[in-house]
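Take a look at the structure set out below.
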2 protein chains.
Amino acid sequence: MSDGAAPPPVAGRGRRPPRAGGDDRELAILATAERLLEERTLGAISVDDLARGAGISRPTFYFYFPSKDAVLLTLLDRVAAEADATMGAVFDTPAAGPREAWQRALAAYHETFRRHRALTVAWAEARSTSEAVRTLWGEVFERWVQRCATAIEAERARGAAPAGPAARDLAIALTSMNERVIYGSLSGDGPAVADADVVPVLLRVWLAAVYGDEPH
Amino acid sequence: MSDGAAPPPVAGRGRRPPRAGGDDRELAILATAERLLEERTLGAISVDDLARGAGISRPTFYFYFPSKDAVLLTLLDRVAAEADATMGAVFDTPAAGPREAWQRALAAYHETFRRHRALTVAWAEARSTSEAVRTLWGEVFERWVQRCATAIEAERARGAAPAGPAARDLAIALTSMNERVIYGSLSGDGPAVADADVVPVLLRVWLAAVYGDEPH
DNA sequence: GAACGAGTCAACAGGGTGTCGAGCTACGGC
DNA sequence: GCCGTAGCTCGACACCCTGTTGACTCGTTC
């Protein structure tokens with residue numbers, strides 16, 4: 001928690017001192033991780049695999065990253081940033097109508113994770129192993145929930161959406177659905193919605209949940 | 001894969017020959033697993049912990065179970081059976097109205113997993129590790145989806161629910177939501193819906209998704 | 001050209017899994 | 001009564017993975 005007086009430019013996840021030249025090695029490790037994740041699950045990849053893939057020995061790996069999880073975390077940071085950025089862009093661009101807006105948001109969310117299929121699946125796997133991964137996901141999730149809750153409240157305030165459960169709870173439930181449905185369609189185990197149907201189905205549920213009156 | 005000619009009464013998961021007396025040990029292992037899961041995560045429990053907890057040595061453990069996962073699987077089989085039974089009971093008992101019916105189904109589902117909090121959390125964790133666990137969950141999930149899809153189709157057929165996405169896709173999306181929201185509220189990491197609000201919020205979304213017309 | 005620090009790795013310590021083979025115990029048959 | 005057999009038990013082993021240590025190289029910098 002205490003950064004010394006010297007400037008620690010990048011903070012924590014990567015190499016201890018973020019200076020100097022062996023940068024390629026760090027990149028090579030990250031690239032190797034991403035490549036191996038395309039073919040095996042995270043648990044089936046050892047530090048040795050990562051090191052060899054990057055052309056270094058196992059101890060040298062530890063010079064660059066404190067653990068296998070840290071590598072994943074670095075990769076995940078990128079995806080998280082990308083997801084946040086995309087989401088921000090979508091929420092800030094005005095849309096033709098509410099349906100349009102939600103549709104675009106869902107499609108962007110889906111597309112972001114689809115583009116990083118292997119990483120997304122590994123993310124879910126590592127969530128049970130690593131506190132840090134869990135936390136990172138929690139943050140991404142929380143930001144998404146907050147944006148959605150705010151949007152729902154705005155729709156209610158302008159009379160477009162009826163009152164209902166706490167906007168935050170609704171947002172959590174619907175975001176949970178997104179997460180699980182998208183993960184299911186990407187991971188391919190168990191019953192899943194076909195890739196092309198993911199967004200339409202999610203959209204339908206979102207619209208019904210946000211704008212639908214209490215039926216019966 | 002080939003069971004000989006002799007009757008193999010229980011099949012597979014537990015002790016190799018399901019005969020004779022050391023039954024208590026097997027039970028002791030299962031009890032130990034359940035107890036330890038209350039305090040630590042599955043990954044933090046070793047075969048040695050299980051063995052010692054049951055008062056036997058590690059090699060002896062392997063006489064009763066082929067692996068740590070097999071123990072969990074045995075425990076999970078029970079929960080799966082219980083979930084199926086509860087679900088069956090709920091779907092078969094006629095209710096006052098549709099809202100009542102869905103409400104009861106969701107509450108039963110929630111209650112089943114809440115009663116086995118530690119196991120449910122371990123289940124999610126083991127899904128990334130063990131093919132068998134993944135499969136078992138897939139089966140439970142699939143049964144739930146089928147029942148729901150059937151129910152949705154019935155509601156549509158009698159004109160109570162409007163047309164919409166394929167009933168199966170809708171059922172998958174909503175069941176995914178259940179799974180994730182309930183897991184979130186049980187595991188306690190990340191943003192979650194408070195325990196008492198889980199069923200009301202889920203119910204609201206289900207009803208809106210099944211009975212709500214396409215808005216706008 | 002000595003001192004320094006980034007970068008590298010062989011070797012080790014430690015902990016986990018799963019297996020093998022030798023021993024123990026009880027019980028039915030002879 | 002003793003013997004074989006089958007259930008049961010564990011010490012010792014082989015193996016794999018993680019993370020650390022300490023010594024060594026090599027390019028800079030003064």
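Reminder, nothing fancy here: chain letters follow the sequence lines and each chain counts from 1.
DNA chain D lies under 4.0 Å from at least one heavy atom of each of the following residues of residues 36-53 of chain A: A:S46, A:V47.
Consecutive pairing runs in DNA chain D reach the stem threshold at C:1-30 with D:1-30, where a stem means at least three Watson-Crick or G-U wobble pairs with distances under 3.5 Å.
Comparing D:dC10, D:dT20, D:dG7 against the side chain of A:P59 picks out D:dT20 as the nearest. Listed candidates were C:dA6, C:dC9, D:dG19. Nearest to the side chain of A:I56 is C:dC9.
Checking the phosphate oxygens (OP1, OP2) of D:dC8, no side-chain nitrogen or oxygen of B:Y64 falls inside 4.0 Å. Proximity of A:T60 to the phosphate of C:dC9: a side-chain N or O atom is located under 4.0 Å from OP1 or OP2.
Of the charged side-chain nitrogens involved, none lies within less than 4.0 Å of a carboxylate oxygen, so that A:R134 and A:E125 do not count as a salt-bridged pair. Between A:E179 and A:R127 a salt bridge is recorded (basic side-chain N to carboxylate O distance below 4.0 Å). The existence of a salt bridge linking A:R115 and A:E111 is confirmed by a sub-4.0 Å separation between a basic side-chain nitrogen and an acidic carboxylate oxygen.
Between the side chain of B:R58 and the base of C:dG18, at least one donor-acceptor pair of N or O atoms lies under 3.5 Å.
The shortest non-hydrogen separation linking B:V47 to B:R58 is CG1-CG, 3.6 Å. Contact detail for B:L37 and B:A118: the closest heavy-atom pair is O-CB, 3.6 Å.
If you take OH of A:Y62 and C1' of D:dG19, they are 5 Å apart, rounded to a whole angstrom. The distance between atom CD1 of B:I29 and atom C1' of D:dT9, rounded to the nearest whole Å, is 12 Å. If you take CZ of B:F63 and P of D:dG11, they are 17 Å apart, rounded to a whole angstrom. B:F61 has its CZ atom 13 Å from the P atom of D:dT9, to the nearest Å.
Between A:W123 and A:Y183, the distance separating the two ring centers is not shorter than 6.0 angstrom.
Relative orientation of the A:W206 and A:W102 rings is tilted, given thresholds of 30° and 60° on the angle between their planes.
No hydrogens or angles considered: nothing links the side chains of B:E34 and B:H116 as a donor-acceptor pair under 3.5 Å. A:T175 and A:N178 share no side-chain donor-acceptor pair at under 3.5 Å.
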